[in-house]
Amino acid sequence: MIPARFKVHNYCSIVWTPPLPGGKIASGATVVRVRGEQIVDSASFVFTKDAEAGLMDMRNFLDIDMLLIYDSRSQLKEINDFCFRQGLPLFANTFLDLKELLEEVRESDCGNGNKEDILRDEKNYLQIKDSREQAEKISAIYLEAAGYLFDYEEPYPLWIKYLNKAEERFMAKNLSGREKSLTKAYLLLLLGLHYAYLGRPWMTFLYIGTIGGCGFWFLLDLFRMPYLLDMYYIYLANKVFRQIPEEMRTRETNELDHTS
């Protein structure tokens, strides 16, 4: 399972029907392929007659995609136990655990969207019986949940996506809602106040004091405003990162040491 601290846009959601009690036979699996957050393909695999052939067909369909499962802790074990009983290699794909992600949504006090709607969708999913509908529903819930937790990352530096959970949640709490508008920055450029808007007030005095560098500075900023906006996000992310308490930086390492 990947500790993905970002929204994944390309993956396969899989619904696995577990083996029948006391036997080696699993009735099947349903897989939905997602590309760019859109469902582009789906397939169902039946293992009641030729389990080995069915598993190989599913492997070929999945290829190296990340696999989204509602509860990977139990279902991944069922899948690999079934493969083991058939004498086939275990699945090596990276897994995304929707149930674990939804626990984060419950615990989060900041996010992009309506938390209650996401959790209500989870309850609706648990009532669905059709495996194709289940696969489509967990994909939709994943996109909502991942968007709620991680959409704030979009304008910020890429390295935020690879922080540990405690660090990333600290960044989310302190960066959410601090995005700036490029249009507003251009409007404030006309008043000479764009640097104050982008978190560099000391530059405002220099800019106004020189009347925009006699116009040359104004023309320069007119063309490099997107760059100035990017610099604002980089500066803010670095500033917040330096504020992360030391115990948050070491917490995940300690947890891994205890579980190893």
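One finds the CG atom of D221 at 11.0 Å from the OH atom of Y227 (value rounded to the nearest 0.5 Å). Here the CD atom belonging to E107 is positioned 11.0 Å from the CG atom belonging to L102, to the nearest 0.5 angstrom. Interatomic distance, SG of C12 versus CD1 of I39, reported as 11.0 Å (0.5 Å rounding). Atom CG of N164 sits about 8.0 Å away from atom CD1 of I244, to the nearest 0.5 Å. Put simply, CZ on F170 and CG on L175 are 9.0 Å apart, with the number rounded to the nearest 0.5 Å. Note: E144 CD to S139 OG = 10.0 Å, rounded to the nearest 0.5 Å.
With hydrogens and angles ignored, the 3.5 Å screen pairs a side-chain donor or acceptor of Y142 with a backbone N or O of V8. With hydrogens and angles ignored, the 3.5 Å screen pairs a side-chain donor or acceptor of R169 with a backbone N or O of L149. No donor-acceptor pair under 3.5 Å is formed between the side chain of Q75 and the backbone N or O of V15. A donor-acceptor distance shorter than 3.5 angstrom exists from the side chain of R33 to the backbone of F61, with no hydrogens or angles considered.
Here F84 sits in one hydrophobic cluster together with L90; the rule is ILVMFWY side chains under 4.5 Å apart, joined directly or through other members.
Salt bridge present: R132 and E136 bring a charged side-chain N and a carboxylate O closer than 4.0 Å. Using a 4.0 Å cut-off between a side-chain N of Lys or Arg and a carboxylate O of Asp or Glu, E153 and R5 do not qualify as a salt bridge. Comment: E100 does not engage K165 in a salt bridge, judged by the lack of any side-chain N to carboxylate O separation of less than 4.0 angstrom. Ionic pairing of D65 and R35 is present here: one or more N-O contacts between side-chain nitrogen and carboxylate oxygen are shorter than 4.0 angstrom.
Annotation: salt bridge (Lys or Arg N to Asp or Glu O under 4.0 Å) contacts of D121 (sequence neighbours excluded): K137. By the ring pair (Phe, Tyr, Trp, His ring centres under 6.0 Å) test, Y148 is found to be paired with no residue, residues two or more places apart in sequence or in another chain being considered. For the ring pair (Phe, Tyr, Trp, His ring centres under 6.0 Å) test, residues two or more places apart in sequence or in another chain that qualify with Y156 are Y233. Every residue two or more places apart in sequence or in another chain was checked for a side-chain hydrogen bond (donor to acceptor under 3.5 Å, both in side chains) with N80, and none qualifies.
V32 and A135 make their closest contact through CG2-CB, 3.5 Å (heavy atoms, listed as atom of the first residue, atom of the second, distance). Considering all non-hydrogen atoms of both residues, D130 and E133 come closest at OD2-N, 3.0 Å. Considering all non-hydrogen atoms of both residues, A145 and L101 come closest at CB-CD2, 3.8 Å. The two residues A146 and K7 make their nearest non-hydrogen contact at CB-CG, 3.7 Å. F47 and A29 make their closest contact through CE1-N, 4.0 Å (heavy atoms, listed as atom of the first residue, atom of the second, distance). Residue N112 comes nearest to G147 through the heavy atom pair CB-O, 3.8 Å, listed as atom of the first residue, atom of the second, then distance.
Between Y195 and L228 there is a side-chain heavy-atom pair separated by less than 4.5 Å. Here the side chains of I14 and M58 are in contact, with some heavy-atom distance below 4.5 Å. Proximity of V34 to L68: side-chain heavy atoms (C-beta onward) are nowhere separated by under 4.5 Å. Side-chain contact between R106 and E122: present, with at least one pair of heavy atoms (C-beta onward) separated by less than 4.5 Å. At a threshold of 4.5 Å between non-hydrogen side-chain atoms, the residues Y11 and N93 do not count as touching. The shortest distance between side-chain heavy atoms of Y232 and P155 does not fall below 4.5 Å. Using a 4.5 Å cut-off on side-chain heavy atoms (C-beta onward), F45 and V31 make contact. Two residues are said to be in side-chain contact when any heavy atoms from C-beta on lie closer than 4.5 Å; L98 and Y125 fail this criterion.
At a cut-off of 3.5 Å, with distance as the only test, no side-chain donor of Y197 or S181 sits close to an acceptor on the other residue. At a cut-off of 3.5 Å, with distance as the only test, a side-chain donor of S131 or T30 sits close to an acceptor on the other residue. Side-chain contact check for E179 and Y152: no donor-acceptor pair (N or O, by modelled atom type) lies under 3.5 Å.
Note on L188: it clusters hydrophobically with L222, by side-chain heavy-atom contacts below 4.5 Å among ILVMFWY residues. Linking Ile, Leu, Val, Met, Phe, Trp and Tyr residues whenever their side-chain heavy atoms come within less than 4.5 Å leaves L187 and L198 in two separate clusters. In the hydrophobic clustering of this structure, I208 groups with W217; members are Ile, Leu, Val, Met, Phe, Trp, Tyr whose side-chain heavy atoms approach within less than 4.5 Å, directly or through other members. Note on L182 and M203: same hydrophobic cluster, where clusters join Ile, Leu, Val, Met, Phe, Trp and Tyr whose side-chain heavy atoms are under 4.5 Å apart, directly or indirectly. Hydrophobic clustering keeps L229 apart from L220 (ILVMFWY residues linked when any side-chain heavy atoms are closer than 4.5 Å, directly or through intermediates).
With a 6.0 Å radius and a threshold of 12 heavy atoms from other residues, nucleotides or ligands, Y186 has its OH atom above the threshold. The environment of NZ in K180 is crowded: more than 12 heavy-atom neighbours from other residues, nucleotides or ligands sit within 6.0 Å. In this structure, I64 places its CD1 atom where only 12 or fewer heavy-atom neighbours from other residues, nucleotides or ligands lie under 6.0 Å away. More than 12 heavy atoms of other residues, nucleotides or ligands shown are found within 6.0 angstrom of CD on E103.
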Can you give the donor-acceptor pairs under 3.5 Å from side chains of residues 234-241 to other protein atoms, not counting sequence neighbours?
residue	atom	partner	partner atom	Å
N238	ND2	I234	O	3.2

Open item on the list: Before you tell me yes or no, could you show the steps for E168 and F150 under side chain to side chain contact (heavy atoms under 4.5 Å, CB included), namely the whole-Å CA-CA distance, both residues' side-chain angles and the distance that decides it to 0.1 Å?
Closed with: CA-CA 9 Å; E168 184 275 319; F150 307 128; 3.6 Å; yes
